[in-house]
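Right, one structure below, let's go through it.
The first residue in the sequence is number 1, and the count goes up from there.
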Amino acid sequence: MTLTRNPLRALVAATLALIAVVVISSPSDTYAGTFDPQLTVCLDDLSTVDPNPGTDGDPEECDGDNSPEVASSFVSSFGIGDEDVNFAAVVSYIPPDWGIVGGNDIPIGADVGYLDAAATLGLIGSACNQVLPVHFDFKNSSIDLSDTVIFTDDEEDDDATAEFAETDEATGEYMSVVKYPEFLLRVLDDEDGNPLQPLRRSSGVAIVAGIPVLLQFLIFPPGTVINEDLPSEPEKGWPSVTVLQNAGDPDIVPQPGPITDFCSPLSTTNVTLGETPEGDPLFITPKAGTHTFTTVSFGQRDADNDGYENSLDTCPFDVNAGNPKVTLEGDLDGDGLDAACDPNDDPATGGTNSDEDGDGYLNRQDNCPLVANGQQDESNQADADLDQIGDACDPEPDVADGDLSYSELTVDIEIGDAAGPGGAPDCVTAVGVACLQAGETQDNGNGNGDDGGSDTGLIIGIVVGVIAAVVILGGGAALLMRRRNGAA
């Protein structure tokens, strides 16, 4: 599996975490970006509404039940500031003693959470400074790998709606809820190419600018290797991966899209329900004690160290003359190419050309804006080293340009009086339902009899998604983002 980007670029889901600070140096006096994600997580009683959600310390926030062995919801917020490079990936680990109810024990279509985000985008080649609010409602979804739905539109249909966003006549739910998206069999697989069997999957569909966008959370058995470059120690917790659209699918056919950039600032709030509105448990708090959440995050590559990540920088090897988030700054002719590498930045002499190489991708959406590598070219936005710089203009296409910023931090959650030794809950006694605990498995009906569980907990992998290019955590490759490689 690889980390790739898709031309439909959208927001991202984040769960559980902390704070990281990584300064990216610059060879000049120009603005140099940082990578300083801000994340919080706490147990919360969703029935008490916080009247000032932007103000800390209100009694209505973080007022969830921290009693041992109860179904308590948690809320996390994730944010990146305007002067930060965007992030390539965030992976969070829920402590191994948390109890998790398997997907087969939750009704398909049950409400399991929701997410709100404010993503900063660039539309149709404009500066990356337009904020788009997006909301997803998450439903418990099928984990039957043998009953699938394709992501793209079936050309034999009478409509142009993607198959995952069609409505199931029997249940009224999206097909991505009642069936398993077929592309996940290729995106989430092991080193031998066998698809990973999730223990649980939740999915949500939002209509963004008339386009259905799919966001999913998949929980896997403890110790599952999602990517060889990610921590996979069993003691970290249970693994879950977040996937936006069909990111990472090797069968994606690249094509241009109207959303041409995704950048900072970014903020998200993710609500993970402890139980469904009908009272069915979803997550069970552990026994009394202090339990540690760990978050690993990565900042995007910046080849020229000018503070603008390769995915945003139209001149990735030249220090920018201006800020790509400010209209016309360093771009006098307004064609999306910074003056640092624009062959002609003077609108009076015909400099304006929003597709400088004429390959069908606007300059801001093209991973090689000065070298044709569009849809009529076999390379079509190919990026072998996944550094968001296309092979056609990358001097070393097999060597990633720029460093990934890395941070791993922790946050503690106290359960009960925090004085106990911790440990997995007795789910049946506590809430009257069986939940997956350390070392236990779930029968997913695929006949192999060993479909989940190990001797640890649950990772929640935040695979960064964006509306014109998407990031996904896959196995076997470096943690990198690929610039605009895929179709919506």
Side-chain angles (χ1 to χ4, degrees), residues 5-15 46 53 75-79 86 90 108-123 130-142 149-153 159-168 171-181 183-184 187 201-218 240-249 252 257-263 265-273 277 460-472 486-488:
R5 301 181 62 182
N6 176 313
L8 195 88
R9 238 180 180 179
L11 58 126
V12 98
T15 32
L46 301 178
V75 177
S76 59
S77 65
F78 178 88
N86 212 339
V90 180
I108 296 295
D111 293 320
V112 294
Y114 53 91
L115 179 141
D116 288 285
T120 305
L121 308 173
L123 304 177
Q130 300 179 62
V131 178
L132 178 72
V134 182
H135 175 86
F136 288 91
D137 288 312
F138 292 108
K139 307 279 188 176
N140 184 52
S141 303
S142 171
V149 61
I150 64 173
F151 180 83
T152 56
D153 176 43
D159 58 52
T161 303
E163 292 306 296
F164 80 84
E166 294 276 8
T167 301
D168 177 53
T171 65
E173 301 287 353
Y174 287 113
M175 295 302 295
S176 53
V177 172
V178 299
K179 293 181 178 292
Y180 195 79
F183 75 89
L184 291 175
V187 169
R201 180 174 68 93
S202 57
S203 64
V205 175
I207 306 301
V208 181
I211 300 172
V213 176
L214 175 63
L215 184 62
Q216 303 178 80
F217 293 81
L218 296 96
S240 169
V241 176
T242 304
V243 181
L244 181 68
Q245 290 295 83
N246 57 340
D249 185 357
I252 284 177
I259 301 176
T260 49
D261 270 314
F262 169 68
C263 65
L266 169 71
S267 65
T268 70
T269 299
N270 188 46
V271 174
T272 302
L273 299 182
I460 291 228
I462 304 311
V463 179
V464 181
V466 237
I467 286 181
V470 182
V471 183
I472 182 167

Would you say Thr260's side chain and Gly122's backbone share a donor-acceptor pair under 3.5 angstrom? yes
Among all residues two or more places apart in sequence or in another chain, which pass the side chain to side chain contact (heavy atoms under 4.5 Å, CB included) test with Pro133? none
In short, Ser142 meets Ile108 closest at the heavy-atom pair N-CD1, 3.5 Å
Listed partners of Thr171 passing side-chain hydrogen bond (donor to acceptor under 3.5 Å, both in side chains), at least two apart: Asp168
Kindly indicate whether the side chain of Leu215, heavy atoms from C-beta on, has any atom under 4.5 Å from the side chain of Val213. no
Leu218 side, atom CG; Ser202 side, atom OG - distance, nearest 0.5 Å: 7.5 Å
Name all residues meeting the side chain to side chain contact (heavy atoms under 4.5 Å, CB included) criterion together with Thr120; count only those two or more places apart in sequence or in a different chain, and write none if there are none. Cys128, Val131, Cys263, Pro265
Looking only at non-hydrogen atoms, find the nearest pair between Thr268 and Ala117 and report the distance. CG2-CB, 3.6 Å
Would you give the length of the straight line joining atom CG of Leu46 to atom CG of Leu273, rounded to the nearest 0.5 angstrom? 6.0 Å
Can you label the angle between the Phe151 ring and the Phe183 ring as parallel, tilted or perpendicular, going by 30° and 60°? perpendicular
Is there a side-chain contact between Val187 and Asn246 in this structure, where contact means two heavy atoms from C-beta onward sitting under 4.5 Å apart? no
Pair Leu115-His135, side chain to side chain contact (heavy atoms under 4.5 Å, CB included): steps then yes or no: CA-CA 6 Å; Leu115 179 141; His135 175 86; over 6 Å; no
Tell me, do Lys139 and Asp111 make a side-chain contact under 4.5 Å, heavy atoms counted? yes
Taking only residues two or more places apart in sequence or in another chain, which ones pass side-chain hydrogen bond (donor to acceptor under 3.5 Å, both in side chains) with Ser203? Ser141
Answer yes or no: is there a side-chain heavy-atom contact under 4.5 Å between Val205 and Val177? no
Any Glu166 side-chain heavy atom under 4.5 Å of Val149 side chain: no
Strictly distance-based, threshold 3.5 Å: is any side-chain N or O of Ser176 a donor or acceptor partner for the main-chain N or O of Phe164? yes
Separation between CE of Met175 and CG of Leu214, rounded to the nearest 0.5 Å: 13.0 Å
State which residue, out of Phe138, Tyr114, Phe136, fulfils the ring-ring contact (aromatic ring centres under 6.0 Å, His included) condition with Phe217. Phe138
Value rounded to 0.5 Å, distance of CD in Gln216 from CZ in Arg201: 5.0 Å
Once you round to the nearest 0.5 Å, how far does CD of Gln245 lie from CD1 of Ile211? 8.5 Å
What verdict does the side chain to side chain contact (heavy atoms under 4.5 Å, CB included) test give for Glu173 and Thr167, after you've listed the backbone C-alpha separation in whole Å, the side-chain angles of each residue and the deciding distance to 0.1 Å? CA-CA 6 Å; Glu173 301 287 353; Thr167 301; over 6 Å; no
